[in-house]
Amino acid sequence: EQQGKLAGVLDVLYAAAEQQSDEGERLGLYRRIAALARDRVGEPERGLKALEQVLALQPDNQQVARQLLPIYRERGDWAHVLAIYEVLLVSSVDDDDRLDTIAVMRDVALQKLNDPRRALHWAGRAYQIRPGDEVLRAGLESVAERADAWDELGKYFEARVQSPDCDNGERLELLDKLATIARERLGRPEDAQRYLRRSE
């Protein structure tokens, strides 16, 4: 470190880690590499591979996931950002926290990865957590339109209609939406009639 060669030590530690057969020793070296890169070398990205190796060995390691997140964001590696949020989602303490995380994941999929289908998955997850929330339902409809995924949207609404938690007012509204989707988006007038008969 006094000679300004601490960065070279990282290469030595990486090589040593790869030679270790004991998983605990290997994890310890990878953690040491990541800490040195972040705290002493001042280049957290030099510890990226070490952090990835730790997460591969411990897929639910929240601390490592949080260390990886800013590195991936800085690199614009949005596919990995989304994967990290999936790890973090597991540790959500309540529905509000869960929904906040899912909202970020939906936006990353839609805006950064331009993947409406993946965004629809997360919008659907949010809707399933709190189906009575009109904002979440509107968000689901918007993403479904972007993905041209009317069948999938219909399945979410059909499941909600059949739920015992769905009150009569919401059920009638969803049946009307299902009829509109069937008639105007899917070209299935017979299905539209079926939904309308159910709302009578």
Side-chain angles (χ1 to χ4, degrees), residues 1-130 133 135-136 138-140 142-143 146-147:
E1 185 171 16
Q2 291 175 351
Q3 295 176 17
K5 298 180 180 179
L6 190 56
V9 174
L10 299 180
D11 297 329
V12 175
L13 293 177
Y14 268 122
E18 291 172 4
Q19 298 297 318
Q20 286 291 333
S21 58
D22 181 82
E23 184 176 300
E25 293 287 343
R26 195 157 67 250
L27 281 169
L29 283 170
Y30 284 137
R31 290 194 186 96
R32 183 63 177 158
I33 292 166
L36 284 171
R38 182 185 66 245
D39 302 331
R40 306 283 280 279
V41 179
E43 298 177 16
E45 66 278 4
R46 292 287 300 272
L48 175 60
K49 181 181 174 184
L51 291 171
E52 289 176 333
Q53 291 290 341
V54 173
L55 195 62
L57 293 167
Q58 299 177 331
D60 59 347
N61 192 315
Q62 302 289 311
Q63 182 180 6
V64 170
R66 293 184 188 283
Q67 291 177 54
L68 280 166
L69 187 58
I71 299 174
Y72 286 141
R73 280 189 169 277
E74 182 69 25
R75 293 160 63 99
D77 189 344
W78 298 107
H80 276 105
V81 166
L82 195 56
I84 291 299
Y85 274 115
E86 290 190 44
V87 175
L88 297 176
L89 183 62
V90 177
S91 69
S92 299
V93 295
D94 55 32
D95 281 348
D96 287 338
D97 188 28
R98 199 168 290 112
L99 287 169
D100 286 344
T101 302
I102 289 174
V104 175
M105 297 169 76
R106 180 202 61 214
D107 290 346
V108 168
L110 195 61
Q111 298 170 14
K112 301 298 185 181
L113 294 174
N114 193 27
D115 189 342
R117 287 278 174 174
R118 193 179 297 184
L120 179 65
H121 169 75
W122 294 113
R125 281 282 298 275
Y127 177 69
Q128 289 172 327
I129 290 171
R130 197 168 285 167
D133 189 312
V135 173
L136 293 178
L140 175 62
S142 175
V143 176
R146 176 88 175 264

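Please read these numbers as outputs of a predicted model, since none were measured by experiment.
- Using a 4.5 Å heavy-atom threshold, the side chains of His80 and Arg75 count as separate.
- Rounding to the nearest 0.5 Å gives a distance of 10.5 Å between OH of Tyr30 and CD of Glu23.
- Summarising the geometry of Ile102 relative to Ala126, their closest heavy-atom pair is CG2-CB, 4.0 Å, with the distance given to 0.1 Å.
- With values rounded to the nearest 0.5 angstrom, Asp77 atom CG is found 13.0 Å from Lys112 atom NZ.
- Side-chain atoms of Gln53 and Tyr14 form no donor-acceptor pair, as typed in the model, at a separation below 3.5 Å.
- If you take CG on Leu99 and CG on Leu89, they are separated by 9.5 Å, rounding to the nearest 0.5 Å.
- Considering CG of Leu55 and CG of Asp60, their distance stands at 8.5 Å, rounded to 0.5 Å.
- Across every non-hydrogen atom of Val87 and Pro59, the tightest pair is CG1-O, 3.6 Å.
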Criterion side chain to side chain contact (heavy atoms under 4.5 Å, CB included) on Arg146 and Asn114, from CA distance to verdict: CA-CA 10 Å; Arg146 176 88 175 264; Asn114 193 27; 3.4 Å; yes
Enumerate donor-acceptor pairs with a distance under 3.5 Å from any side-chain N or O in residues 41-51 to protein atoms, sequence neighbours excluded.
residue, atom, partner, partner atom, Å
Arg46, NH2, Ala7, O, 3.1
Lys49, NZ, Glu18, OE2, 3.2

Take Gln58 and Val64 through the side chain to side chain contact (heavy atoms under 4.5 Å, CB included) test and state the conclusion after the steps. CA-CA 9 Å; Gln58 299 177 331; Val64 170; 5.6 Å; no
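- The structure places OH of Tyr127 at 10.0 Å from CG of Asp133, a figure rounded to the nearest 0.5 Å.
- Annotation for Leu88 and Ala65: closest pair CD2-CB, 3.9 Å, computed over non-hydrogen atoms.
- When every heavy atom of Ala109 is checked against every heavy atom of Leu82, the shortest pair comes out as CB-CD2, 4.4 Å.
- The CD1 atom of Ile84 sits 11.5 Å away from the CZ atom of Arg73 when rounded to the nearest 0.5 Å.
- The stretch residues 91-106 participates, sequence neighbours left out, in these side chain to side chain donor-acceptor pair (under 3.5 Å) pairs: Gln62-Ser91, Asp95-Arg98, Asp96-Arg130.
- Asp22 and Gly24 get closest at one heavy-atom pair: OD2-N, 3.1 Å.
- The closest side-chain heavy-atom distance from Asp107 to Trp122 is not below 4.5 Å.
- Leu69 approaches Val81 most closely through the heavy-atom pair CD1-CG1, 3.9 Å.
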